[in-house]
Amino acid sequence: MRLSAAVLCALVAVQAAVLLAAVPAAQAGELQVGYYGKKCKGLENIVKWHVIRALKANRRTGSALVRLLFHDCFVRGCDGSVLLDASYDNPHPEKEAPANIGLTAFDLLEEIKAAVEDKCPGVVSCSDLLIYAARDASSILSNGHVHFDVPAGRLDGFVSKAEEAQAELPDSADDVHKLIANFARKNFTVEELVILSGAHSIGQTHCSSFAGRLSEPADQIVPAYRELLKYKCSQGSNPPVVNNVRDEDYDVVARYTPGFTSRVRKVSDYLDNSYYHNNLAKIVTFHSDWTLLTHKEALGHVKEYAENGTLWDEDFADSLVKLSKLPMPAGSKGEIRKKCSAINHRLY
């Protein structure tokens with residue numbers, strides 16, 4: 001039987017539609033602790049082994065993982081969208097947003113993903129791997145004081161847009177009322193805003209993220225610390241600067257803020273409540289940190305966590321769990337990526 005050209009074209013179109021429909025995409029279900037217990041035994045041990053090895057080589061990788069968790073989940077929910085590279089479908093992904101300057105640890109997550117794929121191909125999402133890795137990093141950097149069980153079962157999203165990240169992520173120059181409104185849109189309280197800000201006890205930033213601090217008055221920033229920041233920013237084109245004066249070079253601290261030399265540690269990036277002590281002393285890097293002192297409730301929580309580091313450890317762990325549960329936009333579908341930096345199939 002001969003088929004007309006029109007019929008052949010119709011058959012080809014139907015076949016193409018069937019192939020596109022075969023691309024695995026689904027909506028995420030309810031998150032569960034132990035989700036991969038039977039699906040991929042030993043998964044958490046694999047992740048932890050790679051995180052430990054990475055932090056032994058460069059402890060700052062730990063703070064990078066914690067930052068990645070926040071920057072992923074605060075935009076489009078926890079869907080691994082911040083991990084995507086530029087592509088035909090996402091020509092300007094989230095990692096290109098100015099708010100995401102300095103994000104790192106992408107290679108580590110690809111390394112973890114490759115190891116997990118070898119053991120359990122097509123089972124574990126990159127978004128879940130990021131949560132596990134950030135959890136392990138938090139535990140290591142806090143000497144085990146920050147720890148939590150990870151509810152898992154996330155899917156990796158298909159969409160990543162720099163403009164969305166820039167619009168949704170809090171800005172380091174924001175005042176307290178804008179911060180409160182931003183966090184409230186994600187269903188976080190003033191207290192949780194203060195709790196999550198405590199992550200600024202670790203990591204580093206770039207001078208472009210706190211340029212305004214270099215000219216703020218003495219009632220907002222200790223002048224000697226302001227001069228230290230100016231010196232650091234004069235050392236190159238938008239150089240990195242540590243968030244915590246405790247992690248600064250000893251000689252630089254001795255030169256500009258000799259009163260704080262006793263706080264300098266040989267081991268950097270220790271996740272603790274030192275951020276709150278620094279904030280009360282007005283030696284924090286960001287305007288968005290200092291501005292918490294101008295709001296009665298926020299100030300109360302800053303003082304509370306300065307006085308009780310154990311409480312902050314517990315509340316920070318709880319807040320990370322809540323953050324990790326932020327869902328993808330309603331109606332969104334996802335997949336289990338083969339590589340964290342790319343979706344499995346072109347969408348268009």
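Along the sequence shown, the residues carry numbers beginning at 1.
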[X] with [Y]: basic N within carboxylate O range, under 4.0 Å:
{"X": "Glu168", "Y": "Arg185", "answer": "no"}
{"X": "Glu111", "Y": "Arg53", "answer": "yes"}
{"X": "Asp219", "Y": "Lys282", "answer": "no"}
{"X": "Glu117", "Y": "Lys339", "answer": "no"}
{"X": "Arg213", "Y": "Glu216", "answer": "yes"}

Original post:
Pick from Arg60, Arg246, Arg67: which one makes a salt bridge (Lys or Arg N to Asp or Glu O under 4.0 Å) with Asp269?
Top reply: Arg60
Original post:
Crowded around Lys322 NZ? As in, over 12 foreign heavy atoms under 6.0 Å?
Top reply: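 Enclosed: over 12 neighbouring heavy atoms sit under 6.0 Å from NZ of Lys322.
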Original post:
Got Lys186 and Leu323 here, is their nearest side-chain heavy-atom distance under 4.5 Å?
Top reply: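 No, their side chains stay 4.5 Å or more apart.
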Original post:
Under a 4.5 Å cut-off applied to non-hydrogen side-chain atoms, are Gln220 and Leu293 in contact?
Top reply: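 Not touching, per the 4.5 Å side-chain cut-off.
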**OP:** Classify the side-chain pair Asp247/Tyr270 by whether it contains a donor and acceptor separated by less than 3.5 Å.
**Re:**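 No donor-acceptor contact under 3.5 Å links the two side chains.
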Original post:
If you measure only the distance, is there a donor-acceptor pair under 3.5 Å linking the side chains of Asp156 and Ser127?
Top reply: yes
Specify whether [X] and [Y] have parallel, tilted or perpendicular ring planes, treating 30° as the upper limit for parallel and 60° as the lower limit for perpendicular.
{"X": "Tyr305", "Y": "Tyr276", "result": "tilted"}
{"X": "Phe183", "Y": "Phe188", "result": "perpendicular"}
{"X": "Phe316", "Y": "Trp312", "result": "parallel"}

Subject >> Side chain Asn344, main chain Ile336, donor-acceptor under 3.5 Å >> reply: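 Yes; judged by distance alone, with no hydrogens or angles, the pair exists.
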Original post:
Given the side-chain rings of Phe286 and His200, with only the six-membered ring counted for Trp, is the space between their centroids under 6.0 Å?
Top reply: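 For Phe286 and His200, the ring centres are under 6.0 Å apart.
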**OP:** Tell me whether the centres of the aromatic rings in Tyr256 and Tyr231 are closer together than 6.0 Å.
**Re:**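 Between Tyr231 and Tyr256, which both carry aromatic rings, the centre distance is below 6.0 Å.
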**OP:** Quick one: pull up CZ in Arg337 and CG in Leu83 and give me the separation to the nearest 0.5 Å.
**Re:**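 CG of Leu83 is found 6.0 Å from CZ of Arg337.
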Original post:
Taking all non-hydrogen atoms of both residues, which atom of Arg226 and which atom of Ala218 are closest, and how far apart?
Top reply: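 That would be NH1-N, 4.1 Å.
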**OP:** Measure across Pro93 and Ala86 and return the closest heavy-atom pair with its distance rounded to 0.1 Å.
**Re:**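 Residues Pro93 and Ala86, closest heavy atoms: CG-N, 3.5 Å.
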Subject >> Cationic tip of Lys38 above Tyr36 ring, under 6.0 Å, 45° of axis >> reply: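 Lys38 over Tyr36 ring: no.
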Original post:
In terms of hydrophobic clusters joined by side-chain contacts under 4.5 Å, are Trp49 and Ile140 together?
Top reply: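 Looking at the clustering, Ile140 is in a separate group from Trp49.
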**OP:** Given side chain to side chain contact (heavy atoms under 4.5 Å, CB included), test Leu103 with Val82 step by step and report yes or no.
**Re:** CA-CA 9 Å; Leu103 288 181; Val82 76; 3.7 Å; yes
Original post:
Which residue, Glu94, Glu164, Arg76, Lys161, forms the side-chain hydrogen bond (donor to acceptor under 3.5 Å, both in side chains) with Ser81?
Top reply: Glu94
